[in-house]
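Read the structure below first, then the notes.
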Amino acid sequence: MGLFLIIALLVVVSAFYSYLNARFFKLPGTIGIITIAIIVSIVTIAVDKLNPSIAGYLTVLAKHINFSGTVLNIMLGFLLFAGSFTSNTKRLRRELKPVFILSTLSVIISTAAFGALFYYGTMLFNIHMSFVYCLLFGALISPTDPVAVGAIIRTSKLPSNLATIISGESLFNDGVGLVLFITILEAIKSGVDNITFAQTALLFAREVVGGITLGIILGFVAFRLMKSITDFQTIVLVSLSAVMSISVIATYLDLSIPLAVVSAGLFMGNRTINIDEKERSHEALEKFWQLIDEMLNTILFVMIGLQMVNLPYITNYWLTGGIAIILILIARWISIILPLTFLRRTLNVNYKNINILTWAGVRGGISIALALSLPISPYRHVILCGSYFIVIFSIVVQGLTLNKLIDASMKKSEPE
């Protein structure tokens with residue numbers, strides 16, 4: 001199947017699902033699209049077994065998409081840049097401490113907690129996994145997904161401070177999660193005993209510090225170029241080239257793409273490119289990136305639903321998937337309560353918001369992409385299917401019930 005045909009089919013399917021949701025289902029955009037995509041994928045698998053020719057194009061489309069490469073190497077940069085460029089940096093600075101803790105310390109705690117819980121929890125059901133693979137599973141599933149979080153927060157009733165904390169956390173924690181994921185994966189490949197603290201520190205410095213530095217440098221260059229001209233078409237092209245350049249250079253130098261594009265987006269979005277008050281180039285550029293964000297979001301969640309066609313063995317992992325959903329919620333709660341208990345004065349986050357912060361920790365396509373990138377091993381199917389169950393549950397169930405939880409929390413906090 002040619003590249004143009006794959007793109008054309010993806011856009012057509014995305015438009016069709018989006019229309020069905022807007023016309024009939026009327027669910028929040030992301031939730032509605034992924035729900036329809038899952039239903040269609042289940043029907044496709046059933047029909048494909050009975051009559052392969054009927055569901056041929058959708059099946060071929062799903063099997064020809066390199067989901068991991070497409071998300072991590074192509075879509076991720078654009079989506080994260082769009083999210084950070086349009087972020088409210090003033091609010092983000094006010095909530096910088098809790099955002100920093102949740103995107104660093106909480107990810108590490110969640111990885112360790114989930115790994116230990118999954119290791120011992122699955123043993124109760126005679127499912128045996130290597131502990132280091134459980135930690136690897138924890139590393140790829142612990143970071144919240146900025147795309148899914150942003151899409152769900154837009155339709156939620158979250159107070160502005162919590163919305164800022166949750167969205168800010170999701171923008172930065174992918175970098176930490178990826179470093180943990182790469183470190184643990186390298187430990188598996190070369191033997192756990194061969195990984196030293198110095199190697200880990202060097203990897204962290206290169207990925208994190210190098211990624212942030214690259215993003216700020218190229219963000220500054222792009223900002224100065226855009227500020228020196230008034231032609232909007234050229235301004236758009238410069239912003240697009242900045243994202244692409246960052247992704248290419250970060251990949252070549254083994255730096256963190258998420259942290260690089262987020263740093264560039266925050267730097268450029270926080271500074272207006274308007275030369276005088278009559279120009280509205282910055283506002284128009286924000287609208288352009290919002291449109292890019294929404295379009296790529298739709299396509300990404302259609303792709304997540306289509307991946308079910310590539311996972312025919314998923315029906316064998318209902319038990320481990322259900323266990324993983326419960327344990328990631330517990331690990332998320334632990335990763336919030338521990339920092340809040342010991343750093344309560346510093347963080348200035350109320351205990352009554354813990355359940356909301358836990359439930360709003362939505363996972364998405366990045367976790368599935370990382371799971372798909374895993375090398376062949378006896379545990380790959382378990383991790384991949386577990387990730388899929390968690391992602392679908394978090395987007396659909398947590399996304400649909402988040403507002404109810406917020407309403408219930410607000411009622412409890414109201415004085416009688």
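Basis for what follows: all heavy atoms, side chains included, without hydrogens, waters or symmetry-related copies.
Taking CG of Leu135 as the start and CZ of Phe118 as the end, the distance is 12.0 Å to the nearest 0.5 Å. In this structure, the separation between NE2 on His381 and CG on Leu384 is 7.0 Å, given to the nearest 0.5 Å. Annotation: the span from Arg94 atom CZ to Asn88 atom CG amounts to 7.0 Å, rounded to 0.5 Å. Of the inter-residue distances, the one linking Ile330 atom CD1 with Thr358 atom OG1 reads 11.0 Å to the nearest 0.5 angstrom. To the nearest 0.5 Å, atom SG of residue Cys385 and atom CE of residue Met308 are 9.5 Å apart. Within the model, atoms OG of Ser263 and CG of Leu80 stand 10.5 Å from one another, a figure rounded to the nearest 0.5 Å.
Here the shortest heavy-atom pairing between Ile257 and Ser247 reads CD1-O, 3.9 Å. Counting all heavy atoms, side chain and backbone alike, Pro375 lies closest to Leu185 at CD-CD1, 3.9 Å. Shortest non-hydrogen contact noted between Val208 and Val179 is CG2-CG2, 3.9 Å. The minimum heavy-atom distance linking Ile108 with Val176 is given by the pair CG1-CG1, 4.5 Å. Annotation for Ile36 and Leu20: closest pair CD1-CB, 3.9 Å, computed over non-hydrogen atoms. Here the closest heavy-atom approach between residue Ile356 and residue Leu405 is recorded as CA-CD2, 4.0 Å.
At distances below 3.5 Å, at least one donor-acceptor pair connects side-chain atoms of Arg380 with backbone N or O atoms of Leu372. Checking side-chain atoms of Arg332 against main-chain N and O of Leu357 turns up a donor-acceptor pair under 3.5 Å. Distance alone, capped at 3.5 Å, is enough to place a donor-acceptor pair between the Arg363 side chain and the Ile141 backbone. Without hydrogens or angle criteria, Ser367 side chain to Leu140 main chain gives a donor-acceptor distance under 3.5 Å. Distance alone, capped at 3.5 Å, places no donor-acceptor pair between the Ser110 side chain and the Val107 backbone. Not a single donor-acceptor pair under 3.5 Å links the side chain of Asn270 to the backbone N or O of Thr89. For the pair Ser41 (side chain) and Gly305 (backbone), a donor-acceptor distance under 3.5 Å is present. Side-chain atoms of Asn403 come within 3.5 Å of backbone atoms of Lys157 as a donor-acceptor pair (strictly under, hydrogens ignored). No donor-acceptor pair closer than 3.5 Å links the side chain of Glu95 to the backbone N or O of Asn161. A distance-only check finds a donor-acceptor pair linking the side chain of Ser156 to the backbone of Ile153 [under 3.5 Å].
Residues Phe301 and Ile304 have side chains in contact (heavy-atom distance under 4.5 Å, counting atoms from C-beta outward). In this structure, the side chains of Asn21 and Tyr17 stay at 4.5 Å or more apart for every pair of heavy atoms. Taking 4.5 Å as the limit, every side-chain heavy atom of Val147 sits out of range of all side-chain heavy atoms of Thr30. The side-chain heavy atoms of Leu10 and Leu306, taken from C-beta on, include a pair separated by under 4.5 Å. Considering only heavy atoms from C-beta on, Arg91 comes within 4.5 Å of Ser160 through its side chain. Within the 4.5 Å cutoff, no side-chain heavy atoms of Asp145 are placed close to those of Val362. Glu207 is not listed as a side-chain neighbour of Leu255, based on a closest heavy-atom distance of 4.5 Å or more. Val11 places none of its side-chain heavy atoms less than 4.5 Å from the side chain of Met295.
Summarising the local packing, CZ of Phe131 is surrounded by more than 12 heavy atoms from other residues, nucleotides or ligands at distances under 6.0 Å.
At least one cation-pi condition fails for Arg23 and Phe25: the charged atom is not both under 6.0 angstrom from the six-membered ring centre and inside a 45 degree cone around its axis.
Aromatic pair Tyr119/His128: ring centres not closer than 6.0 Å.
The side-chain contact (heavy atoms from CB on, under 4.5 Å) test with Ser106 is passed by exactly one of Pro143, Pro98, Ser142, Pro339: Pro339.
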request  = Take His282 and Phe223 through the test ring pair (Phe, Tyr, Trp, His ring centres under 6.0 Å) and record every step on the way to the result.
outcome  = CA-CA 11 Å; His282 193 93; Phe223 166 73; 8.5 Å; no

request  = Might you work through the side chain to side chain contact (heavy atoms under 4.5 Å, CB included) test for Phe67 and Val71, ending with a clear yes or no?
outcome  = CA-CA 6 Å; Phe67 184 88; Val71 172; 3.7 Å; yes

message = As a quick check of understanding, evaluate side chain to side chain contact (heavy atoms under 4.5 Å, CB included) for Val382 and Phe137, giving each step before the final call.
response = CA-CA 9 Å; Val382 176; Phe137 189 5; 5.5 Å; no

task = Show your reasoning for whether side chain to side chain contact (heavy atoms under 4.5 Å, CB included) applies to Ile323 and Tyr317.
result = CA-CA 10 Å; Ile323 294 171; Tyr317 293 95; over 6 Å; no

ask   = Going through the distances and angles, do Phe288 and Leu240 end up as a side chain to side chain contact (heavy atoms under 4.5 Å, CB included)?
value = CA-CA 11 Å; Phe288 169 79; Leu240 287 169; 4.2 Å; yes

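Look at Glu294 and Lys287 and you find no salt bridge, because none of the NZ, NE, NH1 or NH2 atoms lies under 4.0 Å from a carboxylate O.
Note: Tyr133 and Tyr379 have tilted aromatic rings, judged against thresholds of 30 and 60 degrees for the angle between ring planes.
There is no side-chain donor-acceptor pair under 3.5 Å between Trp289 and Thr86. Looking only at atom types and distance, the side chain of Ser103 has no donor-acceptor partner in the side chain of Asn173 under 3.5 Å away.
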